[in-house]
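Only heavy atoms go into these numbers, but all of them, side chains included; no hydrogens, no water, no symmetry mates. Because the structure is a prediction, the values reported are computed rather than measured. Along the sequence shown, residues are numbered consecutively beginning with 1.
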Amino acid sequence: MLFNLGDLVAPTQDPAATALIDCLDWERPVHYSHGDMDRLARSVANGLRRKGLTPGQRIGILAANRAEFLAAYFGSMRAGLVAVPINHKFPRATIEFVLQDADVRLVFCDAARRSLLPAGMPTVEFESDWQGFLGPPEFDTVHPDPGAIAMILYTSGSTGRPKGVPLDHEGHLWTVRSRIAPGPFKDQRLLVAAPLFHMNALGSAKFALAAQASMVLMPQFDARHYIEAIGRYGVTWVTSVPTMIAMAVREKETLARTDLSSVRTVRMGSAPITQKLVDDVRRVFPAATVLNSYGTTEAGPVMFGPSPEGKKKPDIALGWPMPGVEVRLVDADGCDADEGVLWIRTPANMKGYLNLPQKSAEVLTTDGWYISGDVFRRDDQGAYFFVGRADDMFVCGGENIYPGEVEHMLETHPDIMQSCVVAVPDEIKGAKPFAFVIPRPGAALTEDDVKQYALSNAPAYQHPRQVTFMGEFPLAGTNKVDRKILAALALQQWRGSEAGDAGR
């Protein structure tokens, strides 16, 4: 019976079976068995105990993906401490804020990020301090008290300082049990390239260990290595955010020379997907089932799944609420509706943001609902679809525009690989859509082509008033498209074009 999120070892587990292939060094990957990972986690727990750290204290992890990151993560929780993975793409000042906000007592880090830590912070560097830190691999896993916090994950901070999200053992053991329930998964090999400071990759890692599967862990996303890893290691289960897959399917030469026949599942999450992306994935991985998932840091990674009545799921739908998951769609008048902001109640819900009681009260109701800020719709079969972020929505001449809806429409154009739509200010309309577009290689696509296609396939108010073509989009730390950077670029270009018009 699982009782500590850091100890997911099953009694029936084969300790010699491969658990992890660490591709930190692409030319010299390191293989770890389930027994190896178990011993490493126990050694970390013992090392922390020897340093005098006690249950409830917070332990930071600041590093690229690697086996030691996971050992530190699981080992900290086994010892009853609280793991705090930190986005290593945060600026130094934000990292210092996280360390202070979470009251971190010690940080595990890699050599490349050690300089980001403030002077005097107790540190265990993986390259130089790791072996000397580890204790003997004998440790009795701590039984956490009810409601005890296992980890604190920080939001990306795209709209200000990141918010700490304390998450307890009980709630996230429920997510683990929910994910492995359909099993068995012993023959599955997952590919993970999303950063381990994010819910997506951490959830995949916990799933792989608890399901007695194996995972290929990349230090960061690289489209060509991502594809090559599938053929090299016989990956059966590809995990990603949609942007990563969209970048991978553009690598025609690498795809052509790689054996992809082992892939049986492609699971995308953490951002909306388009029908075009689903079609591209099916073309590249014809034997694979394509899964579209949704989760939040605040309420967990398990939300939607197959219909309990066996109904066919539309390709871009998320599906139906999973057992134990309650959802509501609430409209602008506060009434239940078929389209509105998603409210969620699951055993994995946070109890409140760290040190932010007012912000917590804004998103948590007194009866336990988390108000996600994501707008969803429900079709007549009861399937749920992601529409867009409520705070991404803007008003153009009195009409609400969700960028995701415009992006989905643009990406049905045969020469558009990917799009991102942001708002630019307009004195008369309030705001207007501005589109960034990645065209298919070799496509002779013009700005007017994009505008006319939008006018022919959507309401006129949704058509982008300006279009910029790009070879690739900037990515945030979580490998999603960085809308903040693109919004700033759009504003700069929009003002430049207005100034040019005024001068003519």
Side-chain angles (χ1 to χ4, degrees), residues 223 240-253 255 266 268 271-286 290 292 314-318 375 377 379 385-389 392-394 396-397 399-424 426 429 431-475 479-483 485-487 489-490 493-494 497:
S240 69
V241 297
T243 309
M244 292 161 55
I245 289 289
M247 294 172 70
V249 299
R250 295 205 294 266
E251 298 290 335
K252 306 294 185 185
E253 292 183 9
L255 289 168
V266 177
M268 295 179 280
I273 65 172
T274 63
Q275 185 64 51
K276 173 166 284 187
L277 182 56
V278 173
D279 294 341
D280 285 343
V281 169
R282 285 184 173 146
R283 175 178 50 80
V284 172
F285 305 108
V290 182
N292 181 20
D315 285 342
I316 64 171
L318 292 156
V375 177
R377 66 178 175 86
D379 70 10
F385 297 75
F386 182 88
V387 174
R389 284 288 301 171
D392 286 340
M393 188 272 288
F394 58 94
C396 176
E399 300 287 354
N400 293 347
I401 295 180
Y402 291 99
E405 291 186 322
V406 186
E407 291 159 7
H408 287 187
M409 175 271 296
L410 291 177
E411 289 172 20
T412 62
H413 190 293
D415 289 334
I416 295 177
M417 291 284 291
Q418 198 173 354
S419 66
C420 180
V421 174
V422 297
V424 289
D426 182 80
K429 298 287 189 179
K432 289 181 178 179
F434 185 115
F436 293 93
V437 167
I438 298 176
R440 286 195 178 277
L445 196 65
T446 68
E447 180 177 18
D448 190 59
D449 290 337
V450 176
K451 291 180 178 180
Q452 292 304 317
Y453 184 80
L455 286 167
S456 299
N457 290 274
Y461 61 83
Q462 287 190 356
H463 89 277
R465 304 325 196 257
Q466 191 166 326
V467 179
T468 292
F469 296 103
M470 304 181 79
E472 60 182 25
F473 291 150
L475 301 183
N479 289 335
K480 300 178 188 178
V481 175
D482 195 326
R483 289 182 179 273
I485 288 178
L486 290 180
L489 179 60
Q493 293 185 8
W494 182 252
S497 65

- prompt: Is Lys432 paired with Asp426 through a side-chain N to carboxylate O contact shorter than 4.0 Å?
  reply: yes

field: Verdict with supporting geometry, Tyr453 and Thr412, side chain to side chain contact (heavy atoms under 4.5 Å, CB included)
entry: CA-CA 10 Å; Tyr453 184 80; Thr412 62; 2.6 Å; yes

query: Counting only N and O atoms by type, is there a donor-acceptor contact under 3.5 Å from the side chain of Asp449 to the main-chain atoms of Leu445?
result: no

field: Value rounded to 0.5 Å, distance of CD1 in Ile273 from CE in Met268
entry: 4.5 Å

task: Measure the CD1-CE distance between Ile416 and Met409 for me, rounded to the nearest 0.5 Å.
output: 8.5 Å

message: I need the single residue from Thr468, Val481, Val467 that forms a side chain to side chain contact (heavy atoms under 4.5 Å, CB included) with Phe436. Which is it?
response: Thr468

task: Write down the atom of Lys480, the atom of Thr243, and the distance for their closest heavy-atom approach.
output: CA-OG1, 3.9 Å

message: Pair Asp315, Val290 - check side chain to side chain contact (heavy atoms under 4.5 Å, CB included), show working.
response: CA-CA 8 Å; Asp315 285 342; Val290 182; over 6 Å; no

field: Ile485 vs Pro474 side-chain heavy atoms within contact, under 4.5 Å
entry: yes

- prompt: Does Pro403 reach the side chain of Val422, with side-chain heavy atoms less than 4.5 Å apart?
  reply: no

- request: Test Glu407 against Thr274 for side chain to side chain donor-acceptor pair (under 3.5 Å), laying out the working first.
  value: CA-CA 8 Å; Glu407 291 159 7; Thr274 63; over 6 Å; no

- prompt: Leu486 versus Met470: any side-chain heavy-atom pair under 4.5 Å?
  reply: yes

query: If you round to the nearest 0.5 Å, how far is CZ of Phe385 from NE2 of His408?
result: 11.0 Å

field: Derivation and outcome, side chain to side chain contact (heavy atoms under 4.5 Å, CB included), residues Val375 and Tyr402
entry: CA-CA 9 Å; Val375 177; Tyr402 291 99; 3.6 Å; yes

task: Taking all heavy atoms of Gln275 and all of Ile316, pick out the closest pair and write down the distance.
output: N-CG2, 3.5 Å

- prompt: Do the side chains of Phe394 and Pro433 get nearer than 4.5 Å, heavy atoms only?
  reply: yes

- request: Identify the heavy atoms of Asp482 and Leu475 that sit nearest to each other, and give their distance.
  value: CB-C, 3.9 Å

- request: Report the C-alpha distance between Val278 and Lys276 in whole Å, list the side-chain angles of each, state the deciding distance to 0.1 Å, and finish with yes or no for side chain to side chain contact (heavy atoms under 4.5 Å, CB included).
  value: CA-CA 5 Å; Val278 173; Lys276 173 166 284 187; over 6 Å; no

query: If you take all heavy atoms of Asp379 and Pro314, which pair is closest and at what distance?
result: OD2-CG, 4.1 Å

query: Under the 3.5 angstrom rule, does the side chain of Gln466 hit a backbone N or O of Phe434 as a donor-acceptor pair?
result: no

query: Can we say Asp280 and Arg250 salt-bridge, meaning some charged N sits less than 4.0 Å from an Asp/Glu carboxylate O?
result: no

- request: Measure the shortest side-chain to side-chain distance between Val421 and Leu410 over non-hydrogen atoms and say whether it is less than 4.5 angstrom.
  value: yes

- prompt: With a 3.5 Å cut-off and no angle check, do the side chains of Ser419 and Glu411 form a donor-acceptor pair?
  reply: yes

query: Can you name the nearest heavy-atom pair linking Ile438 to Glu472, along with the distance?
result: CD1-CA, 3.7 Å

Val387 vs Glu405 side-chain heavy atoms within contact, under 4.5 Å: yes

statement: Output for pair (Met417 CE, Met247 CE), nearest 0.5 Å, gives 10.5 Å

- request: Would you confirm whether Arg377, through its side chain, and Phe386, through its main-chain N or O, come within 3.5 Å as a donor-acceptor pair?
  value: no

- prompt: Between the side chain of Arg465 and the main-chain N/O of His463, is any donor-acceptor distance below 3.5 Å?
  reply: yes

query: What are the two closest heavy atoms between Val249 and Leu255, and how far apart are they?
result: O-CD1, 3.6 Å

